[in-house]
Structures are given as C-alpha cells and as structure tokens.
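Numbering starts at 1 and runs along the sequence shown.
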Amino acid sequence: MNTYLRFISLMPVLWLSACEEPPPLAMGQLESDRVELIAEVNEPITHILVTEGDRIQAGETVLQQDSSRIDTRLDQARANSERLRARVEELQNGPRPETITATRAALREATVERDFRERELARLSDLGERNLTSQESVDTARKLLATATARVEQTAAQLAELEAGTRPEQIAQSRSALAEAEAMLASLDIDRRRLAITAPIAALVDSLPFEPGERPAAGAVVAVLLTGEQPYARVYIPEPQRVNVRVGSELPVHIDGREAPVPGTVRRIASEATFTPYFALTERDRSRLSYVAELTLPPQPERLPDGVPVQVLFE
C-alpha cells in the first residue's frame, strides 16, 4: 500500500518531466572565410613553394608559373624603350657641329659653282652676239647656271634648318612615343610579377588542386586559403530567440569532440530569415524561421578543423 501511494505521489512529477520542452537549440558548424587564388594566364606551374596545412604570411609566394614567354616580350619592350629614349636625346641635343660645318662647306662650294656658271653664261652670251658661238652653247650655259643656283638655295635651306635646331613638335612626339613604350614595359612587368602567385593576407593553405608541370586554364583556382587564427561558428538562430541576440552577444558554443563549451561572440547576424519564405508565413510556421549568425571563438591551443558541427544552447 505504501509503495502504491508513493508511486501515485510521483506521477505529477514524472508527467511534468515528460512534458518539459528541451531548451532552444541553434545548430551549425565551424567555417572559415576562403580566399581563392587564381591563375591569370595559361602557363605551366614550375614550382609550388607551400604544402597543404602550412601557415603563410601576406606576400608569401604560393606557386610560380613559367615566365619564358613574357620574358621574351619584356626584352623586346626594353629594347624598344631604349631606342626611343636615345631618339629623344638625339632630338634634344640637335644636329652635330660637324654636320653644320660640312653643310656650310657645301654651301660655299655651291656658291662658287653658281658664280662660275654666271660668268660662263655672260662670256658665251657675248660670243653669241658676235656670232662666234652657237645658240645651243648659250642655252646649255643658262641651264647649268639655273642648276647651280637651285643647288645653292637647297644647301642654304639645309644649313638654316640645322642651325635652327629640332622643332619642339618633333621632341614632343618622340617623348610621347617613349612614354607609351615605358607604359607597355611597366604593364608587362606587372604581368611578369603576377606569374608568382602570392598570398594577399596571412592564412592557412587549405588545398592545392594542381601539381608542378600542369598548365591551369586562365581563371582556374590554383590554391584555396583559409583566413583567421580560428574558424568561426556559423549557426542558425531560431526565430523566437532572434530578439535576444544581437551583434556583440556572448553565447556558449558546444563543439563536437569538446566536453566544455567555449564562449562565442556574435560578429554578424542576418536581418532576413531563411528556410520558410515570407509569403508562406503563418502562426504555425513562425517557429520554423531561423537567422544565420556568425560567432567568433576565443584563441585555442590549436586551430579547430572546419566543418565540425557545433550547437548553441539558449538556457
């Protein structure tokens, strides 16, 4: 009888325990921000300088692609740039003094020739008036004088051009051509440096899809990096708990394989719900809504692996 009465007295407690709802739970997993390094050109990989799991610093080279093709183009661009630079210097310096001296001597020679032809024409014209020479000889002398006079004018013009120096427009054109060549050289140098694929930030090497000797296509991912000292917890906050969670809130994060929870700090929470769409909302569906949140974790002795399930219990 006493045993029966004792059982009857415990029934309300057992009923309440069976009907008690479990505390709200947010499920998720550990994740890291991923940085994908891509190959910009279709060149073979010559060296891979890291291995999966390595921690690398910003600016550290991950892999190197073959640069033979672009090195040839760089040599060509450097030669063209040097040629145009020499041309600019030549125009700025103007004609050589020796060239001006030689042209002056040619002008004196042409003047002497012209004066001789003038005297020869005068002599033959006088003989022609006295019928002592033919008209043909006079015409020939006149033609030779015209040729000598034209030569004097041409040489004088050449001397004037040399003494005036180079036109400013020619120097400006040469400088523009040199600037264009140097810009092309700088562009090729940038392309050359991009064949050495480097880490933009400090990160953990997650995967290296290619091996040395392979030729990735332009735009192909050649390395995947994981950022941060630790992954963060990406969880889905139930809709009834959303009002109590904000950026900066601290929540206990239970990680599979760890007995004690670790404190997590909410760094971001979505403003829009997921799963149940807005057009299907009813009172019954309200509790099925959830909001994606990201929680930063405190430093750990070792980096936690990505993909491990986590839970957040709302006490």
Do [Y] and [X] meet the salt-bridge criterion of a basic N to acidic O distance under 4.0 Å?
X: Glu118; Y: Arg123; result: no
X: Arg267; Y: Asp33; result: yes
X: Glu43; Y: Arg69; result: yes
X: Arg85; Y: Glu82; result: yes
X: Arg193; Y: Asp189; result: yes

Answer yes or no: is there a donor N or O on one side and an acceptor on the other, between the side chain of [X] and the main chain of [Y], under 3.5 Å?
X: Arg34; Y: Asp206; value: no
X: Ser125; Y: Leu121; value: yes
X: Ser176; Y: Ala172; value: yes
X: Arg215; Y: Asn42; value: yes

Search all heavy atoms of [X] against all heavy atoms of [Y] and return the closest pair with its distance.
X: Tyr291; Y: Ser271; value: CE2-O, 4.0 Å
X: Ile38; Y: Ile197; value: O-CD1, 3.7 Å
X: Leu304; Y: Gln230; value: N-OE1, 3.0 Å

State whether a side-chain donor-acceptor pair under 3.5 Å links [X] with [Y].
X: Thr51; Y: Asp54; answer: yes
X: Gln135; Y: Asp139; answer: yes
X: Arg258; Y: Gln300; answer: yes
X: Ser134; Y: Ser137; answer: yes
X: Glu239; Y: Gln241; answer: no
X: Asp306; Y: Ser32; answer: yes

Can you tell if the side chain of [X] reaches within under 4.5 Å of the side chain of [Y], non-hydrogen atoms only?
X: Leu195; Y: Asp66; answer: no
X: Glu60; Y: Arg55; answer: no
X: Gln29; Y: Val308; answer: no
X: Ile269; Y: Arg242; answer: yes
X: Thr111; Y: Leu107; answer: yes
X: Leu208; Y: Val50; answer: yes
X: Leu30; Y: Leu297; answer: yes

Val222 with Ile56, same ILVMFWY side-chain cluster at under 4.5 Å: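 Val222 clusters together with Ile56.
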